[in-house]
Trainee: 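Structure incoming, see below.
Please read all numbers here as calculations on a predicted model, not as lab measurements. Quick note: residue numbers are just sequence positions, from 1.
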Amino acid sequence: MKSLFFSTFLLSTAVLAADGDKPIKTGAEATHPADDAFSFKPQQKVTEGSVTIRGQHVAYQAVAGTLIVHPKGYDDAAPERTTKPEELPVASMFYVAYFKKGAPAASRPITFVYNGGPGSATVWLHMGAFGPKRIQTADDTHTPAAPYKLIDNDDSLLDVTDLVFIDAPGTGFGRLGGKDKEKAFYGTDPDARAFTDFIAQFLGRYNRYNSPKFLFGESYGTTRSAIVANMLAQDKSIDLNGVMLLSQILNYDNTIDRPQANPGMDLPYILALPSFAATAWYHKKLSPMPADLPTFLKEVEHFATGDYTSALQQGTALPEAAFNTIAEKLHGYTGLPVDYIKRANLRVNGGEFEKTLLGADDSDTGRLDSRFSGYAIDPLSQTPSYDPMGSALGSAYLSAFNDYARTTLHYGGDDPTGPYQEYKPSAHSISIWSFHHEQPDMPSSKRGVPNVLPDLAMAMKTNPSLKVQLNQGYFDLGTPYFEGVYEMSHLPIPRALAGNIEIHQYMSGHMVYTHAPALKELHDNAAAFIRRNDNLPH
């Protein structure tokens, strides 16, 4: 449920002044996106609003619009071009920015927020976590169909930072154009370049270069953040104050989705085991039932990195008695049948666990949030055919944002007689996505799957004051929480920089914010992180 060069196109409307409290032009003076729908020129539509967060009234300007980015190799200063303009790959990237009114730019942090995918829009973090309005959904079951309810968000981060929600190329109200446009933007490194270019452009256009700067990425957005943090520093000379990661995956060799394709690599099974245990605990499939989940998970983590790791590393040399002992232990921690665990050779992947835990009820657990469950499409299949969490929440989020964009932000064709623009939640780009990544300082290191630990490490080593916050849900089977803990402890950084990292876990899943108590904790942790690292007097 994420180029290096500036565009030559200019905004046709005024932007925020350097002191941050002069208004952007609105009404007839502002560009109406529908006037030139899908053209590759920056668009901007401005509205105003207010929200109360933790008792604090925040009046803000909302700017919905697009910026134009190009892939690697584009030079806006080039006097001659050998390619026809209409053949140049180009991306119009959609964003919604919220600026607190009356706040000087130099004393107001700015946070760039995005989801992952890869190829996902940022409707999820926008409507579910930190925007001034939030969609109300059911906690761990399917949210009933419309009408849906948007409420003022008491957990928006607008109390401590301005916010820019960025949709990835090819999603939202953004569009791609030119020759080989998918190849130019649908890949690990091209995507990171596009976001790096977008952020640098945004800072210049809205006079925010001297603001404290933060990134907040979710899921694949954490992969992106590691690269962008380093690209901003190395290619744009832009240091960040902090990077906030939600549901992290930085090394794709650790994924539990299809580890059987990489035999001999047992880490995914080890790192996913605590999340399997948390899921079994949530669905009351353990006997006896541990009273306290965090305490129980510490026990599972110890087993995973000890006896379980030792057993897997022995492979077929593991004695049969030890094999049986480990299988019984795994049954006690996961609730899966002992015979099933043995037939899996002690190695159960994510899809198999999601299918089997509730299989007696012809149900599958969610992948991104295993608190959710749904009826199996095929009870006899090896893995689920869909993610019950996605089907439970998708309609609510997309319906709410489409209504909000047109009735509140007045973007995307709110005039029933004018051009209409479709909001695309996904680019559907995974099947053609290039996961090759060139690691920093290693120009020949184009791996088949990305490992961006070196990128984040380089950003931290070249900017020793850069702080990192990792946020994780216990019930996330897409990016298991212990995987993130492991990756953070294996960043190739000096031990002296390990103190720059903080980690928080929540009683929720991949989208931590779908559980209201967890959202409150997430807000408080993120807000405190920003205040500690914005270098401003408090």
Side-chain angles (χ1 to χ4, degrees), residues 1-3 33 37-40 42-43 45 63-71 89-97 112-131 135 163-178 181-199 201-202 215-225 227-228 246-247 368 390 393-406 409 411-413 420-435 510-511:
M1 313 259 352
K2 329 57 90 343
S3 93
F38 303 120
S39 70
F40 290 94
Q43 307 286 346
K45 193 63 184 282
V63 182
T66 58
L67 292 181
I68 310 305
V69 299
H70 297 84
V90 60
S92 170
M93 291 178 65
F94 180 70
Y95 67 93
V96 180
F112 296 93
V113 184
Y114 37 79
N115 279 96
S120 171
T122 302
V123 58
W124 318 102
L125 282 167
H126 192 168
M127 289 286 99
F130 299 138
I135 179 68
L163 297 166
V164 187
F165 296 93
I166 312 171
D167 285 347
T171 71
F173 291 118
R175 296 295 183 266
L176 303 182
K181 56 188 179 182
E182 290 85 5
K183 182 179 180 181
F185 295 102
Y186 292 163
T188 298
D189 290 348
D191 170 270
R193 291 188 194 99
F195 273 80
T196 299
D197 186 18
F198 178 98
I199 290 169
Q201 275 199 62
F202 193 96
L215 304 181
F216 191 107
E218 177 184 329
S219 193
Y220 182 83
T222 66
T223 312
R224 176 188 295 132
S225 285
I227 308 173
V228 170
L246 176 61
S247 305
L368 294 184
L393 300 176
S395 177
Y397 273 76
L398 269 297
S399 299
F401 183 78
N402 271 284
D403 184 67
Y404 175 72
R406 292 172 171 86
L409 301 177
Y411 199 101
Y420 174 80
Q421 297 185 45
E422 178 187 357
Y423 184 84
K424 297 184 177 183
S426 172
H428 301 291
S429 56
I430 291 181
S431 62
I432 59 173
W433 193 269
S434 171
F435 282 95
H510 192 79
M511 294 163 59

Trainee: Does Asn115 reach the main-chain N or O of Glu218 with its side chain, forming a donor-acceptor pair under 3.5 Å?
Mentor: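 No, because the side chain of Asn115 does not come within donor-acceptor range (under 3.5 Å) of the backbone of Glu218.
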
Trainee: So, for Leu398 and Pro425, which heavy atoms are closest and what is the spacing to 0.1 Å?
Mentor: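 Looks like CD1-CB, 3.6 Å.
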
Trainee: Is any side-chain heavy atom of Gln43 closer than 4.5 Å to one of Phe94?
Mentor: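 The answer is no, as the side chains (C-beta and beyond) never meet within the 4.5 Å cut-off.
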
Trainee: Picking from Tyr420, Tyr411, Tyr423, what satisfies side chain to side chain donor-acceptor pair (under 3.5 Å) with Arg406?
Mentor: Tyr420

Trainee: Yes or no on side-chain contact (heavy atoms from CB on, under 4.5 Å) for Met93 and Phe195, after CA distance, side-chain angles and deciding distance?
Mentor: CA-CA 9 Å; Met93 291 178 65; Phe195 273 80; 4.0 Å; yes

Trainee: Are the aromatic rings of Phe112 and Phe202 close, with centres under 6.0 Å apart?
Mentor: yes

Trainee: Between Tyr114 and Leu125, is there a side-chain heavy-atom distance shorter than 4.5 Å?
Mentor: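 They are not in contact (no side-chain heavy atoms under 4.5 Å apart), so the answer is no.
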
Trainee: Parallel, tilted or perpendicular: which one describes the rings of Tyr186 and Trp433, with boundaries at 30° and 60°?
Mentor: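 Because their plane-to-plane angle is under 30°, the rings of Tyr186 and Trp433 count as parallel.
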
Trainee: For Tyr95 and Thr66, work out which heavy atoms get closest and say how close.
Mentor: CE2-N, 3.5 Å

Trainee: Side-chain contact test, heavy atoms from C-beta onward, threshold under 4.5 Å: evaluate it for Phe185 versus Ser429 and give yes or no.
Mentor: no

Trainee: Do Thr222 side-chain atoms and Gly217 backbone N/O form a donor-acceptor pair below 3.5 Å?
Mentor: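 The answer is no, because no donor-acceptor pair under 3.5 Å joins these two groups.
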
Trainee: Can you check side-chain contact (heavy atoms from CB on, under 4.5 Å) on Ser219 and His510, steps first, answer last?
Mentor: CA-CA 8 Å; Ser219 193; His510 192 79; 3.0 Å; yes

